[in-house]
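Report on one structure; see the data block that follows.
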There are 2 protein chains.
Amino acid sequence: MQKDTLCLGLLSLGPRSGYEIKQMFEGPLSDFYSLSFGTIYPTLNKLQDEKYVSCKQLSQSKKPDKKVYTITKKGKDLMKDNLLGDASAYIRSGNFGDQIKSEFFLLLLFAKYLPQETLDTVLNERVLFLRQKLEQFKYDGPVPSDLQALRNEKSVAFIRGLATALIESGLNYMEKNRGKLN
Amino acid sequence: MQKDTLCLGLLSLGPRSGYEIKQMFEGPLSDFYSLSFGTIYPTLNKLQDEKYVSCKQLSQSKKPDKKVYTITKKGKDLMKDNLLGDASAYIRSGNFGDQIKSEFFLLLLFAKYLPQETLDTVLNERVLFLRQKLEQFKYDGPVPSDLQALRNEKSVAFIRGLATALIESGLNYMEKNRGKLN
DNA sequence: ATTATATATATCATCCTGATATAGATACCC
DNA sequence: GGGTATCTATATCAGGATGATATATATAAT
């Protein structure tokens, strides 16, 4: 999916600044996709130039000004068109996997070259990390208003449930089988 | 993990060509990490210049020549040093997650903008893909000789078991809950 | 004879990331 | 008060990885 479509998609959930879009990638979307500031800001400027989004400078008390972008009708049309094209391309491509770069699995792969103590720490930290993730995906309390729209999506409920199931089975496996690494 | 260390690590399993390293990333490692030709070939040349690997030109019948790289003592030392440094960096970084870019999850996220039929196809293809993956991870028969070393690693048994558990729980969840997307 | 496919190496433009710069504002501490 | 650290916020850019492309040999298919 191209960055334009992705940014438009996130703005379709409600007006946001570039910084807030980045926060979504660092937070609730971090396990699925990410874009850097160096991509987000130029993309928003381009989308604004081409009238796919409008921009309001917003003064805030206690914080610097921010530029809040709102998706336009033209932007929504482009987004829907592009999403349809992306879905078709995904289907046609025959490549249904995700692009993953996992430092953790590489360290596991070469575990025999690591001191037992180091490997133990790596595994312990990973387990703690996954337990935290699990809490986050299960958490059902109030969220910041700009994330509420995300939370309300039907698809997000499905995704959170899936993530929960995956993490639980992963943790379960690791607890029962980490002895195999020794 | 830097590309040098990763290539050395793969060569530590046995001599290989750049093309064969790429095949590992396309095959058994595809769910964990990947490097492109544009990274692999220059890396191997650099490692050879600095005597971390040696290179033999190999004539093959029925195939073009290939350059088979073998890790040297110096290379193994560097690899072990770097792996230790990478593990320490991983622990110190506080970032224990993986870097993921998932077209599938983005399409799910924006599912409400897709026709039901398109979404169905996306999900069906993903399920078929995961079933194939599952077969691959479970498969215990003979493998090409250059992949046997990988298969023999203790850590690989652990990783394959983990991948199997994850995929099974993911498939199970999707079968039971895909109605939630409608 | 031509097209397609697989093996094999190499290079390069394009694009993205990670780092850095800048800046306003708050908060803590001595 | 002054120093430092942190958070919010936007922007830019060097460096590096990817995806595409080029080249070449050999087999298989049409």
Side-chain angles (χ1 to χ4, degrees), chain A residues 1-7 15-27 29-30 33-49 53 55-69 89 93-95 97-101 103 106 144-147, chain B residues 1-7 15-27 29-30 33-49 53 55-69 89 93-95 97-101 103 106 144-147:
Chain A
M1 186 175 302
Q2 63 211 31
K3 57 201 166 159
D4 308 52
T5 315
L6 180 47
C7 287
R16 273 165 176 67
S17 68
Y19 190 78
E20 286 162 343
I21 288 178
K22 178 64 175 166
Q23 280 181 317
M24 295 179 79
F25 284 123
E26 306 266 287
L29 299 181
S30 65
Y33 216 91
S34 185
L35 292 178
S36 68
F37 282 128
T39 298
I40 294 168
Y41 284 122
T43 298
L44 289 173
N45 287 328
K46 202 198 90 187
L47 288 172
Q48 187 186 359
D49 287 348
V53 302
C55 175
K56 270 178 298 187
Q57 188 99 16
L58 217 100
S59 298
Q60 304 181 104
S61 66
K62 315 218 174 195
K63 285 176 193 175
D65 292 4
K66 65 177 171 181
K67 293 181 178 177
V68 175
Y69 295 89
S93 76
N95 177 22
D98 303 327
Q99 190 203 306
I100 301 179
K101 299 226 167 176
E103 181 79 6
L106 290 187
S145 61
D146 61 321
L147 293 183
Chain B
M1 186 174 302
Q2 62 211 31
K3 57 203 166 160
D4 308 53
T5 315
L6 181 47
C7 287
R16 274 164 175 68
S17 68
Y19 190 79
E20 286 163 343
I21 288 179
K22 178 63 174 167
Q23 281 181 317
M24 296 179 79
F25 284 124
E26 305 266 288
L29 298 182
S30 66
Y33 216 90
S34 185
L35 291 179
S36 68
F37 281 128
T39 299
I40 293 169
Y41 285 122
T43 298
L44 289 173
N45 287 328
K46 204 198 89 187
L47 288 173
Q48 187 186 359
D49 287 347
V53 303
C55 177
K56 272 178 297 189
Q57 189 99 15
L58 218 101
S59 297
Q60 305 180 103
S61 67
K62 314 217 175 196
K63 287 176 192 175
D65 293 2
K66 63 178 172 180
K67 293 181 177 176
V68 175
Y69 295 90
S93 76
N95 177 22
D98 304 327
Q99 191 202 304
I100 301 177
K101 299 226 169 177
E103 182 80 5
L106 290 187
S145 61
D146 61 322
L147 292 183

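Letters go in sequence order (proteins before strands), and every chain restarts at 1. As a basis for the values below, the full set of heavy atoms in this structure was taken, side chains included, without hydrogen atoms, waters or symmetry mates.
The side chain of A:Q60 places no N or O atom within less than 4.0 Å of a non-bridging phosphate oxygen (OP1 or OP2) of D:dT8. Between C:dA8 and B:K67, no contact under 4.0 Å exists linking OP1 or OP2 to a side-chain N or O. The side chain of A:Y19 places an N or O atom within less than 4.0 Å of a non-bridging phosphate oxygen (OP1 or OP2) of D:dT8. Listed pair B:Y41 / C:dT9 meets the phosphate criterion, a side-chain N or O lying under 4.0 Å from OP1 or OP2.
Within the nucleic acid shown, B:K101 comes within 4.0 Å of sugar-phosphate atoms alone, with no base atom in reach, counting heavy atoms only. Across all strands shown, A:G18 has heavy atoms under 4.0 Å from sugar-phosphate atoms exclusively, and none from any base.
Separating the CZ atom of B:F37 from the C1' atom of D:dT23 is a distance of 14 Å, rounded to the nearest angstrom. The nearest whole Å value for the distance from the CD atom in A:Q23 to the P atom in D:dT10 is 10 Å. B:K3 places its NZ atom 9 Å from the P atom of D:dT18, with the value rounded to the nearest Å. Between the CD atom of A:Q57 and the P atom of D:dT10 there is a distance of 8 Å, rounded to whole Å. Straight-line distance from the CD1 atom of A:I21 to the P atom of D:dA11: 12 Å, rounded to whole Å. Rounding to whole angstrom units, CG of residue A:N45 and C1' of D:dA9 are separated by 13 Å. Atom NZ of A:K22 is separated from atom P of D:dT10 by 13 Å (rounded to the nearest Å). In this structure, NZ of A:K46 is placed 14 Å from C1' of C:dC16, rounded to the nearest angstrom.
At least one side-chain heavy atom of A:Y41 sits under 4.5 Å from a side-chain heavy atom of A:Y19. With contacts defined as side-chain heavy-atom distances shorter than 4.5 Å, the pair B:R16/B:V68 does not qualify.
If A:K66 and A:T39 are placed on DNA chain D by their nearest nucleotide, the residue sitting closer to the 5' end is A:K66. In this structure, A:K63 and A:S36 both approach DNA chain C, and ranking their closest nucleotides by distance from the 5' end singles out A:S36. Comparing A:P64 and A:S34 against DNA chain C, the residue whose closest nucleotide sits nearer the 5' end is A:S34.
For A:D98 and B:K101, the salt-bridge test fails: no basic side-chain N is under 4.0 Å from an acidic carboxylate O.
Of the candidates C:dT17, D:dT18, C:dT11, C:dT17 carries the atom nearest the A:L35 side chain, counting heavy atoms from C-beta on.
A:C7 approaches A:T43 most closely through the heavy-atom pair SG-CG2, 3.9 Å. The minimum heavy-atom distance between B:L6 and B:Y33, with the atom names listed, is CD2-CD2, 3.6 Å.
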